[in-house]
Amino acid sequence: LGGVRETTLSDGRGRGLRCLQVDTGGGLRFCILPERCMDIAWADFRGTPLSFITKAGISSSAYFTHWKEEFHRVFAGGLLTTCGLRNIGRYGDYEGEHFGQHGRIGNAPAEHLSVSCGWVGDEYEIILSAQMREAVLYEENLYLSRTIRTRLGSGSFVLEDTISNLAFREEYVDILYHMNFGFPLLD
């Protein structure tokens, strides 16, 4: 009736990328990409597409470089692309550090991935969670903990994020939930 199924892309720049395909059994289906910050690529409701995929397509984060507008070469769109954590918006230099467009976190692979499907009382819950990090030696150490929840028969999901600063310094944090709706919603 519903649940989570793991598949792997087998062609092009997305080759080897895992996809966690969630089907609520209530008409909502969406694909989570663990190697891309647990972002949501394809999504549809009762067979009608909700998300927009760019001509760059779904690609592995191995193709990502954090330089100027190179973000556009790996920006797939999808229902949700996470941007941040130390910058969003246009690329630029600040205090001797280069910041590429929309930050690095959207290309961070998931760690401690957990998929849970089961009955809790009368509800069949579907819960996916993981952590992604943006860290470098002697500098930032930011963790994004993400949980995506839905239930059997549902037409929606809940996304919960917590950002933790594990460094020994204060850190400025930005996050942007880049929602990308496509045809026919924008027709």
Problem - Pair listing, salt bridge (Lys or Arg N to Asp or Glu O under 4.0 Å) test, anchored in residues 161-170, at least two apart - result: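 The answer is Glu139-Arg169, Glu140-Arg169, Arg146-Asp161, Arg169-Glu171.
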
Cluster question for you: counting only ILVMFWY and a side-chain heavy-atom cut-off of under 4.5 Å, with indirect links fine, are [X] and [Y] together?
X	Y	value
Ile105	Leu33	no
Ile40	Phe52	no
Val4	Ile32	yes
Val158	Ile163	no
Ile58	Leu80	no

Which heavy atom in [X] sits nearest to a heavy atom in [Y], and how many Å separate them?
X	Y	value
Leu1	Asp23	O-OD1, 4.5 Å
His102	Phe71	CD2-CE2, 3.5 Å
Pro49	Pro184	O-CD, 3.5 Å
Leu79	Ala43	CD2-CB, 3.8 Å
His72	Ala56	O-CB, 3.9 Å

Completion exercise
Those residues at least two apart in sequence (or on a different chain) that pass side chain to side chain donor-acceptor pair (under 3.5 Å) with Asn141 are none

Practice task
Just jot down the side chain to side chain donor-acceptor pair (under 3.5 Å) partners of Glu134, sequence neighbours excluded, or say none.
Solution key: none

With [X] via side chain to side chain contact (heavy atoms under 4.5 Å, CB included) - residues at least two apart:
X	answer
Phe183	Asp187
Ser61	Arg36, Asn107
Arg73	Glu70
Ala110	Pro34, Met38, Ala130, Met132

Practice task
Any side chain to side chain donor-acceptor pair (under 3.5 Å) involving residues 116-129? Give me the pairs, sequence neighbours left out, ordered by first then second residue.
Solution key: Glu123-Arg151

Using only atom types and a distance under 3.5 Å, with no angle test, would you say the side chain of [X] pairs donor to acceptor with the backbone of [Y]?
X	Y	answer
Asn180	Gly78	yes
Thr54	Phe75	yes
Ser154	Thr24	no
Ser164	Leu166	no
Thr8	Gly16	no

Can you tell me how far the [atom1] atom of [X] sits from the [atom2] atom of [Y], to the nearest 0.5 Å?
X	Y	atom1	atom2	value
Leu176	Leu85	CG	CG	11.0 Å
Thr81	Met179	OG1	CE	9.0 Å
Cys31	Gln21	SG	CD	5.5 Å
Glu35	Cys19	CD	SG	9.0 Å

Quiz: residues 87-94 side-chain donor-acceptor pairs under 3.5 angstrom, not counting sequence neighbours:
from	atom 1	to	atom 2	distance (Å)
Asn87	ND2	Gly100	O	2.7
Arg90	NH1	Glu69	OE2	3.2
Asp93	OD1	His98	ND1	2.9

Exercise for the section: Quick one: which residue pairs count as a ring-ring contact (aromatic ring centres under 6.0 Å, His included) with a foot in residues 5-48, not counting sequence neighbours? Expected result: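 Every ring-ring contact (aromatic ring centres under 6.0 Å, His included) pair that includes a residue of residues 5-48, provided the two are not neighbours, is Phe30-Phe157.
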
Handout entry: Set of residues satisfying salt bridge (Lys or Arg N to Asp or Glu O under 4.0 Å) with respect to Asp44, sequence neighbours excluded
Key = Arg29

Handout entry: Under the salt bridge (Lys or Arg N to Asp or Glu O under 4.0 Å) test, residues paired with Arg149 that sit two or more places apart
Key = Glu160

Practice task
Indicate whether any N or O donor in one side chain lies under 3.5 Å from an N or O acceptor in the other, for Asp39 and Thr82.
Solution key: yes

Exercise for the section: Would you sort out whether Leu128 and Leu20 count as a side-chain contact (heavy atoms from CB on, under 4.5 Å), showing the intermediate values? Expected result: CA-CA 9 Å; Leu128 301 98; Leu20 300 174; 3.7 Å; yes

